[in-house]
Amino acid sequence: MSVKLHEFEKQLYQVGNAITDEKERCFFYIKLFQDLVLELSDTSSLHFNTLFARVSFIGSRYQISRPWMYAFQIARRELKQRQSDDKTLLKILFPVIEYLVSLYRSEVDPEYMGVEVTIPTLPKLPVSRTAGRYKKKFARVIAIEFHPNTKTITILDEEFPDSHFILEYAVQGVNDIFADTLELAVSEMGLPLILGLVDIETTDEHHYIPSFIVIMPDLLLDVTSVAQITHSGSDPSAVNMIDLFLPTDST
């Protein structure tokens, strides 16, 4: 058995059995959730800027249902800012982590590879946001499904992780100037793709019609540092260039 898998399984049940304080249990479960998401998303060669992007990738890769994705995103949201009470959150966190452990087991344990993943009972979830027409100044979204025939893309909005939205990216006179570039990006870079949408008109059917569409960078590089790729010493320039792309505490 994988050492990490054994550690994840041990932590899952030790926290539940050894820690009685609900707030403390929430803290450890949220940390365990984050560790599992990092491990599962690191199996790909993609670079992720946010935990939201990692959770969305896991949902896309393992074809996780929308209700379960909502549960995953609730756990992700609580890591950033606590909103749920401890008792309610614990009822969501435990099955979510059980699900992630099952996914991880199917990746690393030869005995379970190719075997259908065991899905726990879905916990009761908070009521999600209802559809409606409103304006948004900005949204960071994950493009997960491309529909070229209708010039639309299915997206997940970081602010409302419980719902799927439809991005209309070729509306004449509004945002069609971005259509060719966006289609090329999807073709060359693939999905999932992180997008920034600006000045957004929404519809009752959960459609987003932005005035501007920005393809968010996977990596920000200070261009002034490019001039420093050669310096005195024995390191070759190629090695110095690679160093610039390695993650730092600020990325």
Side-chain angles (χ1 to χ4, degrees), residues 40-66 69-70 72-73 76 129 131-227 229 238 241-242 244-247 250-251:
L40 282 166
S41 55
D42 280 344
T43 58
S44 79
S45 58
L46 298 173
H47 174 82
F48 300 98
N49 286 325
T50 65
L51 193 65
F52 172 70
R54 289 178 180 271
V55 172
S56 299
F57 166 77
I58 291 172
S60 176
R61 176 174 181 178
Y62 296 101
Q63 298 296 296
I64 295 172
S65 68
R66 288 177 60 179
M69 278 306 301
Y70 180 32
F72 282 17
Q73 293 290 4
R76 188 271 314 171
R129 180 188 176 95
R133 183 178 292 273
Y134 55 96
K135 280 271 195 178
K136 292 188 69 170
K137 285 294 184 183
F138 177 79
R140 181 165 59 181
V141 304
I142 304 287
I144 57 174
E145 292 181 16
F146 180 45
H147 314 289
N149 293 336
T150 58
K151 299 291 185 181
T152 60
I153 297 176
T154 302
I155 57 174
L156 292 171
D157 187 333
E158 184 173 24
E159 187 178 357
F160 308 120
D162 53 309
S163 300
H164 285 198
F165 295 86
I166 299 297
L167 168 62
E168 298 187 28
Y169 66 84
V171 178
Q172 188 172 3
V174 178
N175 56 25
D176 54 325
I177 190 174
F178 303 102
D180 290 342
T181 302
L182 185 55
E183 289 179 351
L184 180 63
V186 172
S187 173
E188 295 296 324
M189 300 168 64
L191 297 177
L193 192 64
I194 302 176
L195 302 174
L197 309 181
V198 180
D199 192 16
I200 309 157
E201 179 76 32
T202 71
T203 73
D204 294 330
E205 296 78 26
H206 274 171
H207 284 226
Y208 278 16
I209 307 173
S211 296
F212 302 93
I213 302 172
V214 180
I215 300 172
M216 305 289 279
D218 281 340
L219 183 67
L220 298 178
L221 177 66
D222 182 0
V223 293
T224 60
S225 63
V226 175
I229 62 171
M241 177 61 85
I242 291 173
L244 295 175
F245 285 88
L246 293 176
S250 62
T251 56

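As the structure is a prediction and not an experimental result, all values here were calculated from the model.
- In this structure the side chain of R76 reaches within 4.5 angstrom of the side chain of F52, judged on heavy atoms.
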Practice prompt. Evaluate the criterion side chain to side chain contact (heavy atoms under 4.5 Å, CB included) for residue pair L197 and V214; output intermediate values, then yes/no.
Written response: CA-CA 6 Å; L197 309 181; V214 180; over 6 Å; no

Practice prompt. Apply side chain to side chain contact (heavy atoms under 4.5 Å, CB included) to F48 and I194, showing your working.
Written response: CA-CA 9 Å; F48 300 98; I194 302 176; over 6 Å; no

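- With rounding to the nearest 0.5 Å, the separation of OG in S65 from CZ in F72 is 8.5 Å.
- Using a 4.5 Å heavy-atom cutoff, the side chains of L167 and V141 are not in contact.
- In this structure the side chain of D42 reaches within 4.5 angstrom of the side chain of R54, judged on heavy atoms.
- Side-chain atoms of T181 and I213, non-hydrogen and from C-beta on, never get closer than 4.5 Å to each other.
- The aromatic ring centroids of Y169 and F178 lie 6.0 Å or more from each other.
- Across all non-hydrogen atoms, the minimal contact from L156 to S56 is CD1-OG, 3.5 Å.
- To the nearest 0.5 Å, the span separating CG on L51 from CD on E158 amounts to 9.5 Å.
- Taking all atoms of both residues into account, the shortest heavy-atom contact from L195 to A143 is CD1-CB, 4.1 Å.
- A side-chain hydrogen bond (donor to acceptor under 3.5 Å, both in side chains) with T203 holds for exactly one of H207, E205, H206; it is E205.
- Side-chain contact between I209 and I200 is absent, with no heavy atoms from C-beta onward closer than 4.5 Å.
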Discussion item. I'd like to know whether I155 forms a side chain to side chain contact (heavy atoms under 4.5 Å, CB included) with I144, so could you lay out the CA-CA distance, the side-chain angles of the two residues, the decisive distance to 0.1 Å, and finally the verdict.
Written reply: CA-CA 6 Å; I155 57 174; I144 57 174; 6.0 Å; no

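- Of the inter-residue distances, the one linking T202 atom OG1 with F165 atom CZ reads 8.0 Å to the nearest 0.5 angstrom.
- Looking only at distances, a side-chain donor or acceptor of N175 sits under 3.5 Å from a matching main-chain atom of A170.
- When all heavy atoms of T150 and T152 are compared, the pair lying nearest together is OG1-OG1, 2.7 Å.
- Between F146 and L191 the shortest side-chain heavy-atom distance falls below 4.5 Å.
- The shortest distance between side-chain heavy atoms of V171 and D176 does not fall below 4.5 Å.
- With a 4.5 Å cut-off on side-chain heavy atoms, Q73 and V55 count as touching.
- Closest non-hydrogen pair, L40 versus R61, comes out as O-NH1, 4.1 Å.
- Enclosure of atom CG in L184 by more than 12 non-hydrogen atoms of other residues, nucleotides or ligands within 6.0 angstrom is indicated.
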Practice prompt. I would like to know whether K136 and E201 meet salt bridge (Lys or Arg N to Asp or Glu O under 4.0 Å); could you show each step before the answer?
Written response: CA-CA 7 Å; K136 292 188 69 170; E201 179 76 32; over 6 Å; no

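- Atom CZ of F212 has 12 or fewer heavy atoms from other residues, nucleotides or ligands within 6.0 Å.
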Discussion item. Could you walk me through whether K151 and E168 satisfy the side chain to side chain contact (heavy atoms under 4.5 Å, CB included) test, starting with their C-alpha distance in whole Å, then the side-chain angles of each, then the deciding distance to 0.1 Å, before giving a yes or no?
Written reply: CA-CA 6 Å; K151 299 291 185 181; E168 298 187 28; over 6 Å; no

